[in-house]
Amino acid sequence: GSEAASEQGQEEEIEDRLKEHMDNLLDKSVKARQAALQSLRLALSSKTLSEFLLERRLTLTDSLEKCLKKGKGEEQALAGTVLTLLCLQMGSGPEGEEVFRSLKPLLISVLTDSTASPSARQSCATALGMCCYIAAADLE
C-alpha cells in the first residue's frame with residue numbers, strides 16, 4: 001500500500017516538473033528556454049511518458065515550434081532533439097503523425113537555412129529523418 005502511494009507521489013512530482021519545464025519553453029529568457037529543453041530532453045530519453053505527453057502534445061508541439069522559429073543555434077538544436085524524442089514517445093499512430101506533420105515544414109525550413117547554425121541544421125535533419133521513419137503515414 002505505502003509503496004504504491006509513494007510511487008504515485010513520485011509520478012506526480014515528475015509530471016509537475018515536466019509541466020514546469022513545458023511552461024518555461026515560453027520564457028523570455030533564452031537561458032531558461034534552453035534549460036527547459038535540456039530537462040525535457042533528459043526526461044523524454046530516460047522514461048516512457050506517452051500517456052502524459054498524449055494530453056499535452058499540442059502544447060508541447062506549439063512550444064517547440066516557437067523555439068525552432070524564434071530561437072537560434074543551441075535552442076534550435078535542442079528543440080529538434082526534443083521533437084525527435086516526442087515523436088519516439090508518440091509512436092507510429094495518428095498522434096505521432098500529427099506532431100510530425102505539423103512541424104515538418106519548419107524542420108525543412110531550418111535544415112535548408114544556410115544562416116542557421118550547423119548544430120541546429122543537423123538536429124533538424126535528424127528529427128526529420130527519425131520522425132519520418134516513425135510517424136510518416138505518406139510513404140513519400
Side-chain angles (χ1 to χ4, degrees):
S2 66
E3 275 185 43
S6 162
E7 213 172 282
Q8 188 177 0
Q10 285 179 329
E11 201 69 31
E12 287 172 7
E13 192 178 310
I14 290 168
E15 288 184 3
D16 287 343
R17 272 191 304 216
L18 286 170
K19 289 175 194 170
E20 193 178 310
H21 297 319
M22 288 170 67
D23 289 343
N24 289 342
L25 289 179
L26 302 174
D27 201 285
K28 285 188 163 99
S29 160
V30 173
K31 285 213 183 302
R33 290 193 308 269
Q34 285 180 350
L37 286 165
Q38 287 171 332
S39 297
L40 285 168
R41 181 188 69 193
L42 190 64
L44 295 179
S45 60
S46 61
K47 191 165 176 47
T48 302
L49 300 159
S50 34
E51 287 207 12
F52 172 83
L53 293 169
L54 215 65
E55 302 166 13
R56 295 165 183 84
R57 71 182 182 283
L58 298 177
T59 307
L60 186 52
T61 303
D62 287 348
S63 298
L64 290 173
E65 182 178 346
K66 287 181 177 92
C67 291
L68 284 168
K69 273 185 183 172
K70 296 183 170 120
K72 298 278 181 253
E74 189 183 350
E75 184 178 351
Q76 287 178 314
L78 285 165
T81 302
V82 172
L83 175 61
T84 303
L85 293 167
L86 177 62
C87 252
L88 280 166
Q89 293 262 356
M90 290 292 95
S92 61
E95 294 85 4
E97 186 187 336
E98 178 186 9
V99 167
F100 174 58
R101 200 172 352 104
S102 66
L103 289 177
K104 180 182 167 191
L106 192 52
L107 289 171
I108 292 171
S109 165
V110 174
L111 177 60
T112 57
D113 178 1
S114 59
T115 63
S117 78
S119 64
R121 293 175 75 186
Q122 181 267 327
S123 179
C124 287
T126 302
L128 195 60
M130 286 295 290
C131 293
C132 188
Y133 180 73
I134 294 164
D138 182 6
L139 291 175
E140 290 188 37

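For the single chain, residues carry numbers from 1 onward in sequence order.
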Pairwise side-chain contact, [X] with [Y], heavy-atom cut-off 4.5 Å (strictly under):
{"X": "Thr126", "Y": "Thr81", "result": "no"}
{"X": "Asn24", "Y": "Glu20", "result": "yes"}
{"X": "Leu25", "Y": "Lys66", "result": "no"}

Give the cluster check for [X] versus [Y]: same hydrophobic cluster or not, with ILVMFWY residues linked at side-chain heavy-atom distances below 4.5 Å.
{"X": "Leu49", "Y": "Leu54", "result": "yes"}
{"X": "Met22", "Y": "Val30", "result": "no"}
{"X": "Val110", "Y": "Met130", "result": "no"}
{"X": "Leu58", "Y": "Val99", "result": "no"}

Inset, instruction - Give a yes or no on whether the backbone of Val82 and the side-chain of Arg41 come within a donor-acceptor separation of less than 3.5 Å. - result: no
Legend entry - Main-chain N/O of Leu68 paired to Gln76 side chain as donor or acceptor, under 3.5 Å: yes
Nearest 0.5 Å, what's the [atom1]-[atom2] distance between [X] and [Y]?
{"X": "Leu128", "Y": "Tyr133", "atom1": "CG", "atom2": "OH", "answer": "15.5 Å"}
{"X": "Cys87", "Y": "Glu98", "atom1": "SG", "atom2": "CD", "answer": "11.0 Å"}
{"X": "Gln34", "Y": "Ser39", "atom1": "CD", "atom2": "OG", "answer": "11.5 Å"}
{"X": "Met90", "Y": "Arg57", "atom1": "CE", "atom2": "CZ", "answer": "7.0 Å"}
{"X": "Ser102", "Y": "Leu107", "atom1": "OG", "atom2": "CG", "answer": "9.0 Å"}
{"X": "Leu88", "Y": "Leu83", "atom1": "CG", "atom2": "CG", "answer": "10.0 Å"}

Legend entry - Name of the residue among Lys70, Arg33, Lys31 meeting salt bridge (charged side-chain N to carboxylate O under 4.0 Å, His left out) with Glu75: Arg33
Legend entry - Qualifying residue, where the test is side-chain contact (heavy atoms from CB on, under 4.5 Å) with Leu40 and the options are Leu86, Leu64, Leu60: Leu60
Legend entry - Arg56/Lys19 under side chain to side chain contact (heavy atoms under 4.5 Å, CB included): CA gap, chis, key distance, verdict: CA-CA 9 Å; Arg56 295 165 183 84; Lys19 289 175 194 170; 3.2 Å; yes
What are the two closest heavy atoms between [X] and [Y], and how far apart are they?
{"X": "Gly73", "Y": "Ala120", "value": "O-CB, 3.7 Å"}
{"X": "Phe100", "Y": "Ala135", "value": "CB-CB, 4.1 Å"}
{"X": "Gly80", "Y": "Ala127", "value": "O-CB, 3.5 Å"}
{"X": "Gln89", "Y": "Leu44", "value": "NE2-O, 2.9 Å"}

Inset, instruction - Take Glu51 and Glu15, measure what side chain to side chain contact (heavy atoms under 4.5 Å, CB included) needs, and give me the verdict at the end. - result: CA-CA 11 Å; Glu51 287 207 12; Glu15 288 184 3; over 6 Å; no
Inset, instruction - List for me each residue that meets side-chain hydrogen bond (donor to acceptor under 3.5 Å, both in side chains) alongside Glu65, sequence neighbours excluded, and say none if there are none. - result: Lys69
Inset, instruction - Sequence neighbours left out, what pairs pass side chain to side chain donor-acceptor pair (under 3.5 Å) with at least one residue falling in residues 105-121? - result: Asp113-Thr115, Ser117-Ser119
Legend entry - Derivation and outcome, side chain to side chain contact (heavy atoms under 4.5 Å, CB included), residues Ser123 and Leu78: CA-CA 8 Å; Ser123 179; Leu78 285 165; over 6 Å; no
Legend entry - Stepwise salt bridge (charged side-chain N to carboxylate O under 4.0 Å, His left out) test for Glu11 and Lys47: CA-CA 11 Å; Glu11 201 69 31; Lys47 191 165 176 47; 3.8 Å; yes
